[in-house]
Amino acid sequence: MIVTLLQRLTSLVRAAAIVSALVGISAATASTANAGPLLERIKNGEPIRIGYSNSRPACFPGTDNKLTGLTADITLAILKQMGYDNIEAVGVADFGSLIPGLAAKRFDIAICGMYIRAERCKNVSFSDPLAQVSDVFVLPSGNPKGIKTWPDVVKTSATVAYVQATVSRDDALQAGVDESKLTAVPSSTEMAGAILTGRADLGHLFAWDAGELVKAYPGKLELADPQIKDKVNWSSNGFNHADDDFIKLYDEAQAKFLKSPEMLATLKKYGLDQNSLPDPSVTADWVCENRK
């Protein structure tokens with residue numbers, strides 16, 4: 001009788017252990033299933049791969065090819081505050097390669113001051129804005145055609161150079177510029193070359209990049225604000241759609257960083273101030289729905 005009871009007790013203990021193990025396995029499986037690819041990579045000890053192009057001052061290879069630049073510094077600081085310092089920088093040939101590289105899983109985050117636009121939102125997910133910025137005209141010194149606004153571009157039939165894969169082409173077409181007047185170039189350096197050799201009358205460029213371009217060609221180029229006050233752009237980082245869980249954590253960390261003295265110091269380092277800070281109420285989802 002006692003032996004029988006002991007046997008039954010042993011069976012019950014074994015059954016309970018099996019159930020406990022199965023529950024543990026199930027919970028682990030569920031946890032893995034809920035984690036996106038980037039969080040899985042991090043859990044497996046793999047680096048966070050950041051894709052960037054040579055786009056001063058937003059991002060560029062610095063001393064010893066170390067990733068640096070405004071958006072690079074901000075992104076790396078936020079990741080560090082999240083506890084991540086295993087980072088691999090992946091350079092691409094030009095800005096236009098960032099979204100295709102992200103889609104091809106060559107890297108996990110695409111930086112360099114990318115604007116959130118509805119068309120891009122179809123292909124990648126964005127973190128909330130890290131800066132509020134604008135585009136400007138890059139002109140030959142003296143502005144021989146007197147161009148100050150998009151209507152001036154249309155009226156003078158001026159030719160416009162723009163960096164391929166940026167939003168400038170769409171902005172020009174929406175302003176009424178004929179497509180035959182638009183010339184795509186790989187980078188801001190080629191844009192300067194096109195303007196200085198007369199192949200383009202002006203360029204349309206991200207304000208941060210434009211400022212650096214004028215510094216690189218002193219006395220040869222100048223800037224003009226196209227004066228479209230309702231055309232504010234929001235700069236952000238791109239991620240793969242499958243990494244929404246990571247983006248949520250990143251957004252929380254970024255919101256704290258944007259309010260910090262370190263953020264203001266980073267802006268100052270690159271000649272900017274608090275006017276570049278985004279409205280905290282503006283989210284990536286809102287911009288995706290409202291900025292065409």
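For clarity, every value in this text was computed on a predicted model and none was experimentally measured.
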Report summary line: Lys66 meets the salt bridge (Lys or Arg N to Asp or Glu O under 4.0 Å) criterion, sequence neighbours left out, with none
Only distances under 3.5 Å count here; give the side-chain donor-acceptor pairs of residues 77-104 to other protein atoms, sequence neighbours excluded, each with its distance to 0.1 Å.
| from | atom 1 | to | atom 2 | distance (Å) |
| --- | --- | --- | --- | --- |
| Asn86 | ND2 | Gly45 | O | 3.3 |
| Asp94 | OD1 | Gly96 | N | 3.1 |
| Asp94 | OD1 | Ser97 | N | 3.2 |
| Asp94 | OD1 | Ser97 | OG | 3.2 |

Report summary line: Across all chains, not counting sequence neighbours, the side-chain contact (heavy atoms from CB on, under 4.5 Å) partners of Asp244 are Ser125, Ile247
**Report entry** Residue pairs passing the ring pair (Phe, Tyr, Trp, His ring centres under 6.0 Å) test where at least one lies in residues 108-130, sequence neighbours excluded
**Finding:** Tyr115-Phe206
Report task. State which residues pass side chain to side chain donor-acceptor pair (under 3.5 Å) with Lys122; sequence neighbours excluded, sorted by chain then number. Result -> Glu119
Report task. May I ask you to decide if Glu40's main-chain N or O and Asn44's side chain share a donor-acceptor pair within less than 3.5 Å? Result -> yes
Query raised in the report: Glu212: what forms a side chain to side chain donor-acceptor pair (under 3.5 Å) with it, not counting sequence neighbours?
Result: none
Requested in this report: Sequence neighbours left out, what passes side chain to side chain donor-acceptor pair (under 3.5 Å) with Arg49? Give chain and number order.
Outcome: Asp108
Requested in this report: Enumerate the residue pairs fulfilling ring pair (Phe, Tyr, Trp, His ring centres under 6.0 Å) with a member in residues 172-197, sequence neighbours excluded, ordered by first and then second residue.
Outcome: none
Query raised in the report: Excluding sequence neighbours, so at least two apart, what forms salt bridge (Lys or Arg N to Asp or Glu O under 4.0 Å) with Glu252?
Result: none
Requested in this report: Any ring pair (Phe, Tyr, Trp, His ring centres under 6.0 Å) involving residues 266-292? Give me the pairs, sequence neighbours left out, ordered by first then second residue.
Outcome: Trp234-Trp286
Requested in this report: Check step by step if side-chain contact (heavy atoms from CB on, under 4.5 Å) holds for Ile195 and Leu221.
Outcome: CA-CA 9 Å; Ile195 296 169; Leu221 297 173; 3.9 Å; yes
Report summary line: For residues 260-272, the salt bridge (charged side-chain N to carboxylate O under 4.0 Å, His left out) pairs (sequence neighbours left out) are Asp73-Lys269
Query raised in the report: Can you name the side chain to side chain donor-acceptor pair (under 3.5 Å) partners of Thr63, sequence neighbours left out?
Result: none
